[in-house]
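Read through the structure below, which is laid out as structure tokens, and then see the notes.
In each ligand, atom 1 is the first atom listed, and ligand 1 is the first ligand listed. Any value given below was found using the heavy atoms of this structure, including those in side chains, with hydrogens, waters and symmetry copies removed.
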Amino acid sequence: MNTTNLQTPIDYLKGVGPNRADLLRKELGIHTYQDLINLFPNRYLDRTKYYKINELQRNNSEIQVIGNITGFKETGMHRGKRLVATFQDETGTIELIWFRGLKWIRESLKLNTPYVAFGKASWFNGKFNMPHPELELLVEHKKNLRSSMQPIYPSTEKLTKKGITNRVINKIIQELFIETKGRFIETLPEKLLSELRLINKSEAIFNIHFPKNQELLSKAQYRLKFEEFFYIQLQLILKNLIHKSKIKGYPFKQVGTYFNTFYKTCLSYELTHAQKRVLKEIRSDLGSNAQMNRLLQGDVGSGKTVVALMSMLIALDNGFQTCLMAPTEILSVQHYNNLMEQCNILNISIKLLTGSTNTSERKEIHDSLENGDLQILIGTHALLEEKVKFKNLGLAIIDEQHRFGVAQRSKLWKKGPSSEKEPNRVFPPHILVMSATPIPRTLAMSVYGDLDISVIDELPPGRKPVKTVHRFDKNRLNVFRFIKDEIAKGRQIYIVYPLIQESEALDYKDLMDGYESIVRDFPPPHYQISILHGQMKPADKDFEMKRFIKGETQIMVSTTVIEVGVNVPNATVMIIESAERFGLSQLHQLRGRVGRGAEQSYCILMTGHKLSNDSKTRLETMVKTNDGFEIAEVDLKLRGPGDLMGTQQSGVLNLRIADIIKDKDILSVARYYAKNILKDDPSLSKSHNAVVLKTYKSIGKYKNIWNYIS
Ligand code: ADP
Ligand code: MG
């Protein structure tokens, strides 16, 4: 049906040529006809609307006005040279400005002749100007049909500079439609199309580029978004199914003495419903014959650690070793102490391995791991070192997993027993990763498609929500008075300074300046202050942390090294300096360091007066809510999902048309249908699924999903 080969390089397209082809490849990643078809507009502009100059608003959006150029002037010198044209209609004037190609532009434009000027009108020095407008003679303009939905394509500064404007892209795409006759192979099964009343592929592609009307545009968008989500979900679900059927795991058949004794004797509180439910999910995974690969999400303070601990005890009950990896030394030490204390009557061998473990201890740990004497190993990245070999690692847990990457997770896989002795009975360990950066479930499923997900959505009882306020620097005296009152009541305080990698030296200075001024306001011996930062030796960090935990110091001044996991229930005030410099999830994590005991806790966000809109939104969100999931949603909206999990996601968030937040309803529908199709036909071998199989089969060959959907 479709005679044009969509893999044809764009160089061959009329109006492209080698230079433009090169730019399109470099700037937009467009190599073939297919890439061009799938270059979807970011938005649409109403080009049937003409503004009068006195109607312009200061919102800096793209508009078009009809008027005459009444004069030119050149200003500035050398590289700052500009051409300014006065553009007038019956209601007023604006300035059109050019920074490049001045001579040519001046010569090609006619004075006192009606033009349509199109571009961004910005307000500067008391008047509107339009830099580098698109200009078209009104008589020419009238010859072309205008749509109220003119597509605006993604572009780059370089493309615009080199003259590949939106209009040019539009023209090129028109050529493509002429050459392909606008016929494209259907990529969704008939049944789906009719059940969901989706428009067909060719119609969708046409209307996304040249919408006939709003209704068809919406239908085209829906269909293409659905398709994008559908194939991503299909891919994820299949990966998960294959994983479950192929990757065998050690069946932990029994829950034994360690677990039961702990539950009956050591646990000093009742587990929450959510903790019990999650433990059940984990137990059932561990008991099956498949390898567990599970993400445990729960807000800060929701009690993930005890779930981890009890899962580890199940491993011990079945004769396996287990390990817990945390992102920082402080956190590993804390886990270690906590475990030693909670399990002290269980008579378990537990060891700590971090960067500062000395050589002889290290050797001992390596040996006892290999001969099986050591049951539980806690530590940092040091666990991943080549020399760390387990005799029979059955379960590996990663705390605060957003600090680690996928590569590190997979390194743990290989820490199981060596396969030399029993090659057929050697499986990778079960994996449990924990995260306190909660993300909405649908998003989590898309990002961590290969993981099953458990959620602790309930805090232990009796917690008083942390009260959060935003204070300006000039109110510092009041804040200090408040701190003094809290210390007088026997409480402890955190004061945190930002740390931005790029300028560690500068941040260090901020911290030290802050520390000195705090010492002035809280002088010894009455007040004792700890300080903690990344440049300290681990032993010194540990020393300061211990002093604070024991209550020997009342104030802990630190950088964000205390961000994750630290648990000092007597600390009731978290003061965050330059709070505008922190991201939302970081602020939430820091706030999570207080509110861990029975007393009312406070979080005080200190800032100067100059705040960007995003900063304001972040601060307002923090003041408004304590709910990590709600915060995560705002964070997503502010930052976009691509940023969310750093480098660890597998490009599934690299969406072309759908938006994982705004279109989450479409995502759910797509996931539902993908699941159903696979339930009925796991190998996609039924004839009505031929389209799906064919499309799916090309997955993996391409990085971006739209490269194969065509
Ligand atoms: P997070 O999920 O942030 O890692 P933790 O596991 O550190 O949270 O738990 C926070 C605090 O809550 C700890 O002091 C822990 O002992 C306590 N805790 C956990 N579960 C319960 C519970 N069910 N009832 C009371 N306290 C609990
Ligand atoms: Mg924790």
Next on the checklist: Parallel, tilted or perpendicular: which one describes the rings of F482 and Y602, with boundaries at 30° and 60°?
Outcome noted: perpendicular
Please confirm whether the backbone N or O of [Y] pairs with a side-chain atom of [X], one donor and one acceptor, at under 3.5 Å?
X    : Y    : value
D317 : F259 : yes
K304 : G298 : yes
R593 : V568 : no
R491 : E599 : no

Under 4.0 Å to a heavy atom of [X] - the qualifying atoms of ligand 1, by number:
X    : result
T305 : 4 (O), 5 (P), 6 (O), 7 (O)
T272 : 23 (N)
E270 : 22 (C), 23 (N), 24 (N)
S302 : 2 (O), 8 (O)
R596 : 3 (O), 7 (O), 10 (C)

Below 4.0 Å from any atom of ligand 1, is there a heavy atom belonging to [X]?
X    : value
M434 : no
D299 : yes
G298 : no

Checklist entry - Do ligand 1 and V300 have nitrogen or oxygen atoms that lie under 3.5 Å from each other? => result no
Next on the checklist: Side chain or backbone, does P461 bring an N or O within less than 3.5 Å of an N or O on ligand 1?
Outcome noted: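 Min N/O separation from ligand 1 is not below 3.5 Å for P461.
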Checklist entry - Considering only heavy atoms, which of G595, A308, P460, G628 lies nearest to atom 25 (C) of ligand 1? => result P460
Next on the checklist: Using heavy-atom distances only, which candidate in G303, P569, G462 approaches atom 8 (O) of ligand 1 most closely?
Outcome noted: G303
Do other residues, nucleotides or ligands put more than 12 heavy atoms under 6.0 Å from the [atom1] atom of [X]?
X    : atom1 : answer
F543 : CZ    : no
K253 : NZ    : yes
R547 : CZ    : yes

Checklist entry - Where does R463 meet ligand 1, judged by heavy-atom distances below 4.0 Å: at the side chain, the backbone, both, or neither? => result side chain
Item to check | ligand 1-proximal atoms of L271, by part, heavy-atom distance under 4.0 Å | outcome: backbone
Checklist entry - So do the side chains of R294 and E281 get within less than 4.5 Å of each other, counting heavy atoms only? => result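 Result yes, sub-4.5 Å side-chain heavy-atom pair found.
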